[in-house]
There are 2 protein chains.
Amino acid sequence: MPFVDNIGFLMSRASGQLVRATNAALADDGLRVRQYSVLSLVCESADGESQRDLAEVLGLDPSQVVALVDDLDRAGLVERRPSPADRRTKLVVPTERGRAVRDRAGERADARLAETLGALTEDEQATLRALLARVADLGVAPRVAP
Amino acid sequence: MPFVDNIGFLMSRASGQLVRATNAALADDGLRVRQYSVLSLVCESADGESQRDLAEVLGLDPSQVVALVDDLDRAGLVERRPSPADRRTKLVVPTERGRAVRDRAGERADARLAETLGALTEDEQATLRALLARVADLGVAPRVAP
DNA sequence: TATTGTTATACTCTATAACTATA
DNA sequence: TATAGTTATAGAGTATAACAATA
């Protein structure tokens, strides 16, 4: 099979397209896709998310999450609050303005994503989503023995 | 729809998994996935590929291809040959050793990819490949007017 | 005037290691 | 001793601009 049909190559190429399109849609709100991801997750959370949980869901190292939350904090979109249960833990919660920005940015990002995925029908997008979810393996990933 | 079901997010996460797995499989041959991509493409070409064509297929800027070909050249896996048709153009061709390394690395990368995609049946992988190809938009991409 | 390859630069992303304060 | 957050650093990936040689 020719290299251009390699799933890894196609996925990397497609992912790049989507990230670029999304970043372009978010630029007006001063966001990039990773900051937007953090903001979206904390907006969906009832009592805030710990940075560790954010790192887990996003598949990032906790040290990367620090920088992303710093960015959002500096922009006044989220706050770090002490956890009532564990003094080590900080819960990241959106500010009022953070929620507003997320909603507006979300509409733009969604519109641009729909445009980029325009070649696919709704059914095909659902199929793609389901297949990606299984490859992305968001559950607890079994690794080689440490 | 919850953020974790966003196709862009899932694609980025899945792509990262595949790239990491492939890089791990290629490490023994001293390659990374982008260098391996260039090597694969020139091995499939009859008379070599120009750097411009490589950039086009890979979706990279021509200046990035320069560095990748430099790496492969330094490792003795490819050579730059003058094009008989156009003295500006350099055709990148694999060395004998380049072909051998590509074959061995390709087997390892393919095996690791199959392992990473193990959750999907052959049919599902074919479906995924077809959907990704349409999103990746490898044809001539119509852009906004320049 | 336009294109191919190249150099240079800056910023983002990824990957580790080590430190602190708590548990 | 283990975990949550943090700092620091290095390498890889991405994005532009500008230049020489050639068409």
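Below, chains carry the letters A, B, ... as their sequence lines are ordered, and counting in each starts from 1.
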Quick note, salt bridge (charged side-chain N to carboxylate O under 4.0 Å, His left out) partners involving residues 112-130 of chain A, not counting sequence neighbours, are Glu124(A)-Arg134(B)
Which residues satisfy the side-chain contact (heavy atoms from CB on, under 4.5 Å) test with Ala133(B), sequence neighbours excluded? Leu10(A)
List in chain and number order the residues that pass ring-ring contact (aromatic ring centres under 6.0 Å, His included) with Tyr36(A), two or more places apart in sequence or in another chain; answer none if no residue qualifies. none
With sequence neighbours excluded, tell me which residues meet side chain to side chain donor-acceptor pair (under 3.5 Å) with Arg52(B). none
For Asp5(A), enumerate each residue passing the side chain to side chain donor-acceptor pair (under 3.5 Å) test, keeping only those at least two apart in sequence or located in another chain. none
With sequence neighbours excluded, residues passing side chain to side chain donor-acceptor pair (under 3.5 Å) with Asp29(A): Arg104(A), Arg108(A)
For nucleotides 11-13 of chain C, print each protein N/O atom paired with a nucleotide N/O atom at under 3.5 Å, atom names and distance only.
| unit_1 | atom_1 | unit_2 | atom_2 | d |
| --- | --- | --- | --- | --- |
| dT12(C) | O3' | Arg32(A) | NE | 3.4 |

Arg87(A): partners by side chain to side chain donor-acceptor pair (under 3.5 Å), with sequence neighbours left out: none
Holding to salt bridge (Lys or Arg N to Asp or Glu O under 4.0 Å), I want the full list of residues that pass it with Asp61(A), two or more places apart in sequence or in another chain. none
Tell me, please, which residues at least two apart from Asp110(B) pass salt bridge (Lys or Arg N to Asp or Glu O under 4.0 Å). none
Decide yes or no, distance alone: a donor-acceptor N/O pair under 3.5 angstrom between the base of dT16(D) and the side-chain of Ser63(B). yes
Taking Thr89(A)'s backbone N and O only, do any of them form a donor-acceptor pair with Ser50(A)'s side chain (distance below 3.5 Å, no angle check)? no
Expected list for residues 42-52 of chain B near DNA chain C, using heavy atoms below 4.0 Å, is Ser50(B), Gln51(B), Arg52(B)
Under 3.5 Å, which protein N or O atoms sit close to an N or O of nucleotides 18-23 of chain C? Give each pair with its distance.
| unit_1 | atom_1 | unit_2 | atom_2 | d |
| --- | --- | --- | --- | --- |
| dA23(C) | OP1 | Arg87(A) | N | 3.2 |

